[in-house]
Novice: 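Below are the structure tokens for one structure; questions will follow.
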Amino acid sequence: MKITWLGHASFRIELGGEILLIDPWLEGNPAFPDARRNEAVQGATHILLTHGHGDHASEALTIARETAAPLVCIHEMAEAWDGQEGVSVIGMGKGGTVKLGDVEATMVHATHSSSLDFAGGAYAGGEAGYMIAGEGHVVYLSGDTDVMADMKVFQDLHEPDIGILACGGHYTMDIRRAAYAARTFFDFKIVIPCHYKTFPVLAQSAEPLRDALPGVDVRLPNVLEPVEI
């Protein structure tokens, strides 16, 4: 497995023969070097979206057309985009699981908000995270969320060993709350933070998350620096 941070909450996950782009926001992302766009999207097999905000979904249609990768998203967002020329969509609901080749992605609850704020603010069906299973691993992708008691259910049902956790604060849980979630509800072996240092209002370092999770392998990769597992 190879997990590559693309800045903010965007990731490229190479797993089980698939290449998944998670919330790929590249153009306008101050953390992403525009000259390396092709490197980020090349070979993508699927695009998974957690919610409709512009810093997560505004490039989804463009990248779907570029790569021919289907969009995986909540039902209402899929309905809004169904029929777009050159785009295929897989709509689903929380608790649902889709097979993506040898990978399984289960949509799970998050607590945030969701609208197509870059396209008139239309309702986008609600916010979500994912459990992504393949190669003997389960990755919990939190999406934009606060701590939830639901996380205990996620651990009981899916037993994720890798957590990709939003932790920048202001719009999502901050580092203290992300660390609490990881310690209280999960048994992660590896944690990768995201949704931080993109904007001044967010936490500018995730080092405190590492300090708060002794015994957990907290990885702090640079943008486009692969984490191999």
Side-chain angles (χ1 to χ4, degrees), residues 5 8-11 13 20 22-25 47-58 60 71-80 91-98 105-119 121-133 138-188 191-199 201-203 206 208-209 212-213 216 218:
W5 189 36
H8 198 52
S10 304
F11 285 87
I13 300 178
L20 313 179
I22 312 297
D23 289 347
W25 175 51
I47 300 166
L48 276 63
L49 301 176
T50 64
H51 65 293
H53 291 160
D55 57 335
H56 296 256
S58 60
L71 296 169
V72 180
C73 56
I74 203 160
H75 171 77
E76 287 81 1
M77 197 184 305
E79 287 285 291
M92 62 187 306
K94 296 176 186 180
T97 300
V98 293
T106 301
M107 182 178 283
V108 297
H109 186 52
T111 179
H112 186 57
S113 61
S114 183
S115 65
L116 299 177
D117 56 3
F118 58 93
Y123 174 61
E127 60 280 16
Y130 289 93
M131 292 287 175
I132 301 170
V138 179
V139 179
Y140 169 49
L141 181 83
S142 76
D144 284 13
T145 193
D146 188 19
V147 183
M148 304 175 294
D150 304 53
M151 290 172 171
K152 182 182 186 304
V153 177
F154 302 165
Q155 171 64 31
D156 290 348
L157 288 175
H158 298 278
E159 299 182 337
D161 55 315
I162 301 165
I164 299 178
L165 304 180
C167 67
H170 196 81
Y171 298 107
T172 72
M173 55 188 175
D174 60 16
I175 286 174
R176 176 172 174 263
R177 298 169 81 84
Y180 174 87
R183 286 194 311 265
T184 304
F185 298 117
F186 294 107
D187 187 23
F188 295 130
V191 165
I192 301 171
C194 67
H195 212 287
Y196 72 100
K197 77 178 180 180
T198 322
F199 313 116
V201 73
L202 304 181
L209 184 65
L213 295 174
V216 178
V218 178

Novice: Please, which pairs that meet ring-ring contact (aromatic ring centres under 6.0 Å, His included) have at least one residue in residues 147-170, sequence neighbours excluded?
Specialist: Tyr140-Phe154

Novice: Who pairs with Ala124 by side chain to side chain contact (heavy atoms under 4.5 Å, CB included), at least two apart in sequence or on another chain?
Specialist: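 Side chain to side chain contact (heavy atoms under 4.5 Å, CB included) list for Ala124, sorted by chain: Met77, Ser114, Leu116.
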
Novice: Within the distance-only criterion (no hydrogens, no angle test), does the side chain of Ser10 pair as donor or acceptor with the backbone N or O of Asp23 below 3.5 angstrom?
Specialist: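 Such a contact is found between Ser10 side chain and Asp23 backbone.
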
Novice: Of the non-hydrogen atoms in Ala78 and Gly91, which two are nearest, and what is the gap between them?
Specialist: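 The pair with the smallest heavy-atom distance is CB-CA, 3.5 Å.
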
Novice: Consider ring pair (Phe, Tyr, Trp, His ring centres under 6.0 Å). Of His53, His56, His51, which one does His195 pass it with?
Specialist: His56

Novice: Before giving the answer on side chain to side chain contact (heavy atoms under 4.5 Å, CB included), spell out for Tyr180 and Val147 the whole-Å C-alpha distance, their side-chain angles and the decisive distance to 0.1 Å.
Specialist: CA-CA 8 Å; Tyr180 174 87; Val147 183; 4.0 Å; yes

Novice: Determine whether a donor-acceptor pair (N or O, by modelled atom type, separation under 3.5 Å) exists between the side chain of Tyr130 and the backbone of Leu49.
Specialist: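 Side chain of Tyr130 to backbone of Leu49, a donor-acceptor pair under 3.5 Å: yes, one is there.
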
Novice: Mind running side chain to side chain contact (heavy atoms under 4.5 Å, CB included) on Glu127 and Thr50 for me, showing each step along the way?
Specialist: CA-CA 6 Å; Glu127 60 280 16; Thr50 64; over 6 Å; no

Novice: Quick one: closest heavy-atom pair of Pro193 and Val218, and the distance?
Specialist: CD-CG1, 4.5 Å

Novice: Indicate yes or no for a side-chain donor-acceptor contact from Thr111 to the backbone of Thr145 under 3.5 Å, with no hydrogens or angles considered.
Specialist: no

Novice: For Asp161, what residues pass the side chain to side chain donor-acceptor pair (under 3.5 Å) criterion, not counting sequence neighbours?
Specialist: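 With sequence neighbours excluded, Asp161 shows a side chain to side chain donor-acceptor pair (under 3.5 Å) to His137, given in chain and number order.
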
Novice: Supply the atom-to-atom distance Leu141 CG to Leu48 CG, rounded to the nearest 0.5 angstrom.
Specialist: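 Here the interatomic distance stands at 8.0 Å.
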
Novice: Let me confirm one number: the CG-CG distance from Asp174 to Asp146, rounded to the nearest 0.5 Å.
Specialist: 8.5 Å

Novice: Using every non-hydrogen atom in the two residues, find where Ala60 and Ile47 come nearest and quote the distance to one decimal.
Specialist: O-CD1, 4.2 Å

Novice: Please identify each residue that fulfils ring-ring contact (aromatic ring centres under 6.0 Å, His included) with Phe199, with sequence neighbours left out.
Specialist: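 For Phe199, the residues satisfying ring-ring contact (aromatic ring centres under 6.0 Å, His included) (neighbours in sequence not counted) are His8.
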
Novice: Please give me the minimum heavy-atom distance between Met173 and Ala178, naming the atom from each residue.
Specialist: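 Closest approach of Met173 to Ala178: SD-CA, 3.8 Å.
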
Novice: List for me each residue that meets side chain to side chain donor-acceptor pair (under 3.5 Å) alongside Lys94, sequence neighbours excluded, and say none if there are none.
Specialist: His109

Novice: For the CG atom of Leu20 and the CD1 atom of Ile132, what is their distance to the nearest 0.5 Å?
Specialist: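 If we round to the nearest 0.5 Å, Leu20:CG and Ile132:CD1 are 6.0 Å apart.
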
Novice: How many angstroms lie between SG in Cys73 and CE in Met107, if you round to the nearest 0.5 Å?
Specialist: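 Between Cys73 SG and Met107 CE, I get 7.0 Å after rounding to 0.5 Å.
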
Novice: Ala166 and Gly143: which non-hydrogen atoms are nearest, and at how many Å?
Specialist: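 Closest approach of Ala166 to Gly143, heavy atoms only: CB-O, 3.6 Å.
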
Novice: What class does the angle between the rings of Phe188 and Phe186 fall in, given that below 30° is parallel, 30 to 60° is tilted and above 60° is perpendicular?
Specialist: parallel

Novice: Look up atom CZ in Phe11 and atom CD1 in Ile164, then write down how far apart they are to the nearest 0.5 Å.
Specialist: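 That separation rounds to 4.5 Å.
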
Novice: Would the distance check show the side chain of Asp144 and the main-chain N or O of Thr172 forming a donor-acceptor pair, the cut-off being under 3.5 Å?
Specialist: no

Novice: Hey, does Lys197 have a side-chain heavy atom less than 4.5 Å from the side chain of Leu202?
Specialist: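 Result no, sub-4.5 Å side-chain heavy-atom pair not found.
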
Novice: What are the two closest non-hydrogen atoms of Tyr123 and Glu76, and how far apart are they?
Specialist: CE2-CG, 4.1 Å

Novice: Do other residues, nucleotides or ligands put more than 12 heavy atoms under 6.0 Å from the CZ atom of Arg176?
Specialist: no

Novice: My understanding is that only residues two or more places apart in sequence, or in another chain, count here; which of them pass salt bridge (charged side-chain N to carboxylate O under 4.0 Å, His left out) with Asp150?
Specialist: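 Not a single residue meets the salt bridge (charged side-chain N to carboxylate O under 4.0 Å, His left out) criterion with Asp150.
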
Novice: What's the separation between atom OH in Tyr196 and atom CG in Leu209, rounded to the nearest 0.5 Å?
Specialist: 9.0 Å

